[in-house]
Colleague: 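Below you will find the structure I want to go over with you.
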Amino acid sequence: MSRVLPLYRPSDFSYRYIDRATDLESALAPLHSSDRLGIDTETTGLDPHCDRPRLLQIAAPDQPVIVIDLFKITGGQLQPVQQLLGNRALKIGHLLKFEIQMLRRIGLYLRGPLFDTHLAFKVWNAGLKRKASLAAVVARLLKQRLDKRMQRSNFGATSLSRTQIEYGALDARVELDLQPCLEQRLRQAGLWQVARDIEFPCIPIVAQMEWTGMKLDLQCWDRLNAALAVQQAGAIAVINTLRRADKLQLSLVPELTDTVNPNSPTQLLAALRAVGLPVTSTSQKALVPLADDYPIVRAILDYRRTLKTAGIFNTTLQTQIHPTTGRLHPNWYQYGARSGRITCKHPPLQTIPRDRSARACFVTEPGWCIVKGDYSQIELRIVAKLSRDRQLRQAYGQGQDIHLVTAALITQQSIAQLLTHPQRDQLRQLAKALNFGLIYGMSAAKLQAYAETKYGVSLTMTEARSFIRSFFQAYPGIRRWHEQIRRTVYARGLKEIRTLTGRRRRWRDRPRLNELFNTPVQGLNADILKLAAIRLASAIARRRMQARIICLVHDEIVVECPKAEAQLVSKLLRRCMIAPARPLLHPVPVQVEVKIGTSWAA
DNA sequence: TCAGAGTGCGCC
DNA sequence: AAACGGCGCACGCTGA
């Protein structure tokens with residue numbers, strides 16, 4: 001049963017509304033001695049490149065909240081505000097990436113250590129589906145109700161109502177009450193380091209990525225889409241030879257029957273069965289084995305592949321180019337995935353096809369270039385570290401091709417023998433499927449399907465089972481690592497697991513084993529990427545360079561910089577990616593590949 | 001009519 | 001018993 005919570009309204013609450021530049025300096029003076037400041041803005045909208053901040057509310061302990069009207073006080077008059085925002089006090093806010101961008105819009109820069117109550121709540125709750133809005137966090141932690149009715153009111157109005165101003169002041173004030181409460185919980189749960197050293201320092205980078213965005217070469221993109229359209233037309237022509245099964249039976253005039261909609265699994269399945277194909281599903285897994293024998297199946301798979309690229313990117317990507325900046329400004333979610341990974345949408349830059357032709361459309365301004373760094377096989381290296389498997393560690397230690405090593409181990413051949421093996425490439429592909437699947441506890445049935453669809457390797461169930469057996473015999477450390485997680489977490493019914501840095505993922509119900517195997521790996525991967533980005537951003541800032549991080553894709557950092565900075569950026573990028581990873585993966589070596597180019601394809 | 005679960009597939 | 005994890009998006013389909 002949900003009881004109605006009391007309205008949030010601290011007894012000592014007061015505020016001062018400042019709309020004259022002459023009052024600003026004296027109003028802010030008492031706040032300079034405070035070591036923590038609650039920060040909030042009220043804006044005319046959510047787009048930092050179109051909309052404007054109207055109010056800036058700054059709360060300090062035992063002081064009235066200062067509410068500054070940014071329509072009335074502007075430009076150089078805001079100098080005293082910048083002094084405060086740039087000082088060494090802890091800046092506390094909810095979703096600070098947004099405040100940072102809005103303030104930047106009017107030339108104010110928020111500096112100093114940050115404490116984000118949204119992210120702190122995420123760190124504490126990762127894995128649980130809990131709302132993390134300010135009101136939700138206040139309700140859960142302070143057991144009070146935050147009045148949000150003014151949130152969508154018109155903050156662009158010439159004069160603001162008393163209620164609007166008070167509402168803004170309360171939002172800044174509540175940050176001061178939330179922060180110690182959240183910090184205590186994080187400390188008690190052993191999550192303070194993750195919040196302080198990883199999540200909070202990452203906020204300005206995320207703000208920067210949203211603010212800067214990425215440039216799309218529209219002509220390049222159109223050419224790509226034209227080529228895709230041709231491929232797609234070809235595939236559709238083949239598919240159009242299919243007729244809707246229901247009409248096929250009913251109609252005496254086949255010419256008038258409808259062709260099947262290739263996007264409808266139901267219609268497709270019926271049509272394929274009607275022409276005599278032995279299928280029970282139209283999933284990739286079911287269709288791939290038939291592709292060689294039936295052109296129609298090949299056409300369906302081709303169609304789906306081209307549709308994917310064309311569908312998302314032809315229509316949506318172009319419409320998402322910002323009218324003011326001419327660039328794509330995705331939303332980045334710093335704690336988007338339960339594992340701690342960053343996610344991205346509108347547009348989903350992290351799912352842009354990997355081929356050169358697609359990524360080459362992501363470019364930069366004349367005189368600038370793109371430098372990108374990739375971790376080589378970071379997930380498998382993390383497994384080598386966590387499982388302490390001797391084989392795996394040794395292979396990485398000697399810089400061997402890990403997929404080939406696995407191929408050698410399961411076939412009981414030496415690598416030298418394998419190099420001259422007639423099916424060398426196929427065996428390596430199979431080993432790749434094993435490496436990526438089995439570390440997270442994949443079943444024989446799934447392995448069979450996975451090897452087929454992803455790597456084009458056909459296996460019988462018996463073969464799949466025997467490969468799994470050989471895999472774990474070859475890597476007994478991985479088996480022990482699984483066993484240990486099963487024993488110490490799964491069997492005890494624990495509902496959380498952590499990464500090496502202490503990041504935690506929780507479950508409401510009992511987690512599945514596979515999730516328990518995966519989370520420490522994917523989570524540590526996220527930790528490493530964030531640490532690397534933080535290090536790089538600070539190296540760039542220290543040198544007052546113009547370079548900026550514009551995209552993070554799980555094991556990849558993309559930077560944009562003037563050409564003159566390229567060499568230095570590539571050096572820093574490599575150094576900053578290796579530095580945090582090395583101690584976390586020790587003794588497993590880290591490998592980073594850096595490229596300089598004029599597009600994301602580099 | 002519309003929200004939402006389901007399918008399928010792009011990325012890591 | 002059931003079994004690789006993490007996402008976002010477009011689509012057809014379903015049920016209220």
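Computed from heavy atoms alone, side chains included, the values below leave out hydrogens, waters and symmetry copies.
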Colleague: Determine: side-chain N/O of K446(A) to OP1/OP2 of dA3(C), distance under 4.0 Å, yes or no.
Modeller: no
Colleague: Could you check how far CD1 of I478(A) sits from C1' of dC4(C), rounded to whole Å?
Modeller: 13 Å
Colleague: Nearest whole Å is fine: how far is dA3(C) P from R479(A) CZ?
Modeller: 21 Å
Colleague: Find the distance R486(A):CZ to dA1(C):P and express it as a whole number of Å.
Modeller: 14 Å
Colleague: Kindly point out which of dG5(C), dG8(C), dG6(C) is positioned nearest to the side chain of T343(A)?
Modeller: dG8(C)
Colleague: Report yes or no: is the cationic atom of R341(A) (NZ for Lys, CZ for Arg) closer than 6.0 Å to the six-membered ring centre of Y335(A), at no more than 45° off its axis?
Modeller: no
Colleague: Between dC12(B) atom C1' and L524(A) atom CG, what is the distance in whole Å?
Modeller: 15 Å
Colleague: Please state whether the rings of H329(A) and H49(A) are parallel, tilted or perpendicular, taking 30° and 60° as the class boundaries.
Modeller: tilted
Colleague: Find the distance K345(A):NZ to dC12(B):C1' and express it as a whole number of Å.
Modeller: 18 Å
Colleague: What do you reckon, are the aromatic ring centroids of Y475(A) and F471(A) less than 6.0 Å apart?
Modeller: yes
Colleague: Can the positive tip of K385(A) be found less than 6.0 Å from the middle of the six-membered ring of Y396(A), inside 45° of the ring normal?
Modeller: no
Colleague: Less than 4.0 angstrom between a side-chain N/O of R338(A) and OP1 or OP2 of dC7(C), yes or no?
Modeller: yes
Colleague: Consider the side chain of R354(A), meaning its heavy atoms from C-beta on, and name the nucleotide among dC11(B), dA1(C), dA3(C) that approaches it most closely.
Modeller: dC11(B)
Colleague: Is there a side-chain polar atom (N or O) of R505(A) under 4.0 Å from OP1 or OP2 of dG6(C)?
Modeller: yes
Colleague: Do the side-chain N or O atoms of S339(A) get closer than 4.0 angstrom to the phosphate oxygens (OP1, OP2) of dG5(C)?
Modeller: no
Colleague: What about E515(A), does its side chain sit under 3.5 Å from the base of dG5(C) through a donor-acceptor pair?
Modeller: no
Colleague: Is the shortest side-chain N/O distance from R341(A) to OP1 or OP2 of dG5(C) below 4.0 Å?
Modeller: no
Colleague: Rounded off to whole Å, could you give me the OH-to-P distance for the Y440(A) and dC7(C) pair?
Modeller: 14 Å
Colleague: Is T351(A) close enough to dG8(C) that one of its side-chain N or O atoms is under 4.0 Å from OP1 or OP2 there?
Modeller: no
